[in-house]
Each structure stands twice: as structure tokens, then as C-alpha cells.
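As C-alpha cells, the structure follows; a few thoughts come after it.
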There are 2 protein chains.
Amino acid sequence: MFGLSEGLVCLHKALRDGRRQVVKFVLPGEFLGMPFMELYKVSAHAVGAVSVCGFPRDELRRLMDASPGMARLLINFAIREVDLAQEQQVLLANASAEQRVGAFLVGWHARLATLGPVSKAVPLPMRRRDIADFLGLEPETLSRTFASLEQKKLIRIDPKGVTLTGLARKDARRCCIVPGRRRHR
Amino acid sequence: MFGLSEGLVCLHKALRDGRRQVVKFVLPGEFLGMPFMELYKVSAHAVGAVSVCGFPRDELRRLMDASPGMARLLINFAIREVDLAQEQQVLLANASAEQRVGAFLVGWHARLATLGPVSKAVPLPMRRRDIADFLGLEPETLSRTFASLEQKKLIRIDPKGVTLTGLARKDARRCCIVPGRRRHR
DNA sequence: CGAATCGTTGAAAGCAGTCAACTAGGGTGG
DNA sequence: CCACCCTAGTTGACTGCTTTCAACGATTCG
């Protein structure tokens with residue numbers, strides 16, 4: 001099991017036909033995968049330089065056997081993972097391209113905010129294809145959606161990221177939970 | 001935390017606009033939700049008659065504190081949950097309607113097989129809307145896809161289920177992992 | 001038997017995917 | 001330092017799958 005101390009890692013599943021499903025973007029302070037997963041069913045690639053921190057499985061197991069608190073910690077981590085995955089299911093199954101992108105940008109901004117103070121300028125170090133594969137879209141559609149959001153004055157496209165000028169937390173909720181209908185019109 | 005001893009339960013998230021995302025169908029012998037999840041973020045409704053078996057949280061915690069094996073058991077359960085959810089992500093993000101339905105039928109058949117001997121006749125006790133919400137489709141699309149699969153002699157539509165006449169395990173793989181392209185044509 | 005819901009079928013529209021061409025950016029070598 | 005190349009990203013045109021709206025059968029339950 002590994003933890004990420006610096007950089008950005010992209011966890012994905014290869015679909016054997018060349019397409020990929022990006023499962024998660026891992027930020028510093030988060031775990032790469034689940035502990036004790038015998039056979040990792042996801043691959044990982046670094047976005048830029050990273051430094052990781054390994055926990056030997058045996059040692060982790062000893063720690064867990066010794067202190068029940070450790071076990072509960074890992075279970076709570078697992079619960080959050082499940083919840084995240086299910087929220088992503090909701091997004092992938094029910095949201096339009098614009099809703100997916102909006103929810104991603106707001107969520108990404110919120111996650112970066114947990115690492116330290118951030119401005120409205122949101123860096124996007126990963127490739128367009130990574131974001132597209134995360135959202136279940138094609139890079140072309142992602143690009144078009146960015147352009148559309150910029151025309152609506154909701155974002156501004158920067159060299160290596162975007163600036164949020166109209167999207168707010170509520171928009172994330174609106175994107176994945178609420179709005180009047182689903183997709184289309 | 002609850003376990004299901006008889007019947008079928010449908011776990012879903014309500015999206016506040018009337019739509020739902022069905023997260024999982026729970027079969028006898030499986031858990032409803034995750035242990036220790038403070039606030040369940042999914043709802044559940046029974047499909048037909050069910051009998052559940054409750055585990056008081058405190059007792060479960062004592063059990064876990066007492067035996068490290070118990071903790072590992074729960075973590076392994078959580079890992080499977082995460083993997084299941086991620087596989088579903090792959091399906092929702094990348095598969096066509098036909099692939100989703102095919103993968104669902106094969107997977108459902110396989111899960112029923114773990115409960116006891118089953119024939120090629122697969123019962124579908126849940127409503128069409130439940131299946132549709134699970135697969136991220138509309139009931140109309142699901143119905144059309146069923147009809148299309150029947151015309152291709154891959155299934156036969158029975159009164160309360162379907163009979164698999166051409167779908168095999170490999171088709172599930174083909175549906176969620178392989179084929180030449182993605183959706184469309 | 002009637003009513004209400006569920007499921008199916010039909011027709012039309014829209015969003016995203018595909019294919020293709022073009023632009024921008026980054027890195028390398030001359 | 002500039003020219004070149006290669007990749008990433010954008011934009012355009014078009015196809016088509018899925019959704020939407022609507023009406024029609026089927027089933028279940030009172």
C-alpha cells in the first residue's frame with residue numbers, strides 16, 4: 001500500500017481496447033488504492049513528478065492487529081471510497097457533459113482547497129484525455145464543453161487550468177443531484 | 001448494519017429531481033450498505049418479501065476490536081464494494097445500451113448461480129425501472145434493447161425474466177472490457 | 001370487471017461520438 | 001537562436017444512439 005506525499009497520480013482501468021476509465025485523481029495526503037488489495041485492479045500513472053511513501057503490507061497488518069483504532073480508520077477510508085465511487089456513478093449515469101464538467105471543476109477546486117489556500121484559478125495539471133476519461137467523455141466533447149462554459153462566462157480558460165468565474169458549490173449539487181430534468185434541453 | 005437473509009433489496013440514491021441511481025441489487029447472504037457508515041447515503045427498498053438480520057453497531061465494534069480477523073473481513077468486504085462500484089463506473093461511462101444490458105444479465109445470472117443451481121432461465125423480480133436506473137438508461141431504451149437482443153436470438157423474454165440463449169460469460173467481458181470500439185455502430 | 005400502473009412500441013429531436021482538418025505548444029537539433 | 005517536428009488541443013461537419021413525448025397493450029389489484 002502506498003500513500004502519495006507529493007504530486008498528482010491518476011488511477012485508471014485499461015479497457016483492453018485502448019480506452020481507459022480514470023477512476024480517481026489522487027492528491028498528496030491520500031492513499032493509492034486500497035490496503036490489502038491482493039491484486040490491484042487499477043493502474044496508476046504520475047502526472048508530473050511525484051513522491052510516494054510505501055507501507056509494507058505485513059507491517060500494516062501488524063499495526064492493524066495491534067490497534068483496533070487503525071482498523072476502524074481503514075474501514076472509514078474504505079467507506080469514503082465507496083461513497084465517492086457511487087457519486088461518480090451518479091454523475092456518469094445521469095449528467096450531461098456540461099454537468100459533468102461543472103461538477104468536476106467545482107469538486108476539483110474544493111479538493112485543492114483542502115491542501116491549502118487556493119484562488120479561483122484552478123490548475124489542471126493532467127491531460128485533457130485524463131479528464132475526459134474520468135468523466136466518460138471524449139476529449140473533443142470536453143474541449144467543446146469548456147468553450148461553451150467560457151462563452152457563458154462561467155469559467156475562463158487559462159494556459160494550464162481554468163478560472164472559476166460563475167460556478168459555485170451549489171452548482172456541483174445542481175450538477176449531480178438536483179436540476180429540473182436530466183440532460184437534454 | 002444489516003444483512004439480508006431472504007428476498008431482494010434495491011439500494012438507490014434519490015436525485016431530488018425524481019430520478020434515481022440504483023447502486024446495487026442485494027441478494028441473500030449479502031450486507032446492506034457498509035458497516036459503521038454513520039449516515040447512510042443510499043436508500044433501500046424491498047423487491048417482494050424480505051427478511052433482514054440486524055447487527056447492533058456496538059456489538060459489531062466489540063467484535064472487531066476483539067478479533068483482528070473480523071476487521072480484515074470487513075476491509076475485504078469494502079474492497080470488493082469499491083471494485084464493484086468501479087466496474088459499474090466503467091460500464092456506465094463506456095458501454096452502449098446493449099452492452100450494459102448484456103453485462104447486467106450475465107452478471108445477474110452469475111450472482112444467482114452463487115446462491116444455488118440455476119438454469120439458463122434468469123428471473124428478474126425487480127421492476128424495469130429499477131434495472132434501467134441501475135444501468136443509467138430509460139425504461140423505454142431498456143425495453144427496446146431487450147427486444148433487440150431477443151431478435152438476435154441472444155435471449156428469450158419470459159413472463160418474469162429472460163432466458164439466456166446466446167450470452168455467455170465472455171460476453172460480459174466483451175461488454176465491459178473489450179470490443180473493437182466503444183459505443184455506436 | 002374496472003382502474004391504475006407497468007411495460008412496450010412508434011416517431012421525432014438532441015446530445016455526444018466519430019472523422020477530419022487545423023492550430024498551438026514544447027522540445028530537439030541544426 | 002531559429003527551424004522543424006511531434007504531440008496535445010481545438011474546431012467543424014456529420015452520423016446515430018439514446019432520450020423524449022405520445023399512444024397503445026398487458027398485468028395486477030381492488
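No hydrogens, no waters, no symmetry mates; every other heavy atom, side chains included, goes into these values.
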Item to check | Rounded distance in Å - CD1 (I157(A)) to P (dA24(C)) | outcome: 14 Å
Item to check | Residue-phosphate contact under 4.0 Å: S143(B) side-chain N/O, dG7(C) OP1/OP2 | outcome: no
Checklist entry - Separation of D133(A) atom CG from dG9(D) atom P, in whole Å? => result 12 Å
Item to check | Between dC6(C) (P) and F146(B) (CZ): distance, integer Å | outcome: 17 Å
Next on the checklist: Under a 4.0 Å threshold between the charged nitrogen and the carboxylate oxygen, would D133(A) count as salt-bridged to R127(A)?
Outcome noted: no
Next on the checklist: Determine whether a donor-acceptor pair (N or O, by modelled atom type, separation under 3.5 Å) exists between the side chain of H109(B) and the backbone of T163(B).
Outcome noted: no
Next on the checklist: OP1 or OP2 of dG17(C) versus the side-chain N and O atoms of T141(A): is any pair under 4.0 Å?
Outcome noted: yes
Item to check | Check: dG7(C) base within 3.5 Å donor-acceptor of R144(B) side chain | outcome: no
Next on the checklist: From CZ of R127(B) over to C1' of dC29(D), roughly how many Å is that when rounded to an integer?
Outcome noted: 11 Å
Checklist entry - Which of parallel (below 30°), tilted (30 to 60°) and perpendicular (above 60°) describes F25(A) and F134(A)? => result tilted
Checklist entry - Taking the inter-plane angle between the rings of H45(A) and H12(A) on a 0 to 90° scale, is it parallel (under 30°), tilted (30 to 60°) or perpendicular (over 60°)? => result tilted
Checklist entry - In terms of side-chain heavy atoms of A147(B), which of dT8(C), dA16(C), dT9(C) is nearest? => result dT9(C)
Next on the checklist: Tell me the interatomic distance from E138(B), atom CD, to dC6(C), atom P, rounded to whole angstroms.
Outcome noted: 15 Å
Checklist entry - At how many degrees, to 10°, do the end axes of the helix from dG7(C)-dC24(D) to dG30(C)-dC1(D) meet when each uses five pairs? => result 40°
Checklist outcome for this item: To the nearest angstrom, the CG-C1' distance between L124(B) and dT8(C) comes to 16 Å
Item to check | Test: K41(A) and E87(B) ion pair at under 4.0 Å | outcome: no
Checklist outcome for this item: note: D130(B), atom CG; dC6(C), atom C1'; distance rounded to Å ~ 12 Å
Item to check | Options dT19(D), dT8(C), dA16(C), nucleotide nearest the side-chain atoms of L137(B) | outcome: dT19(D)
Next on the checklist: I'd like to know whether CD of E30(B) has more than 12 heavy-atom contacts from other residues, nucleotides or ligands below 6.0 angstrom.
Outcome noted: yes
Next on the checklist: Starting the side chain at C-beta, find the nucleotide from dA22(D), dT18(D), dT11(D) nearest to E140(A).
Outcome noted: dT11(D)
Checklist entry - With sequence neighbours left out, what residues match E6(A) under salt bridge (Lys or Arg N to Asp or Glu O under 4.0 Å)? => result none
Item to check | Between dT19(D) (C1') and R129(B) (CZ): distance, integer Å | outcome: 12 Å
Checklist entry - So which one's nearest nucleotide on DNA chain C is more toward 5', K160(A) or T145(A)? => result T145(A)
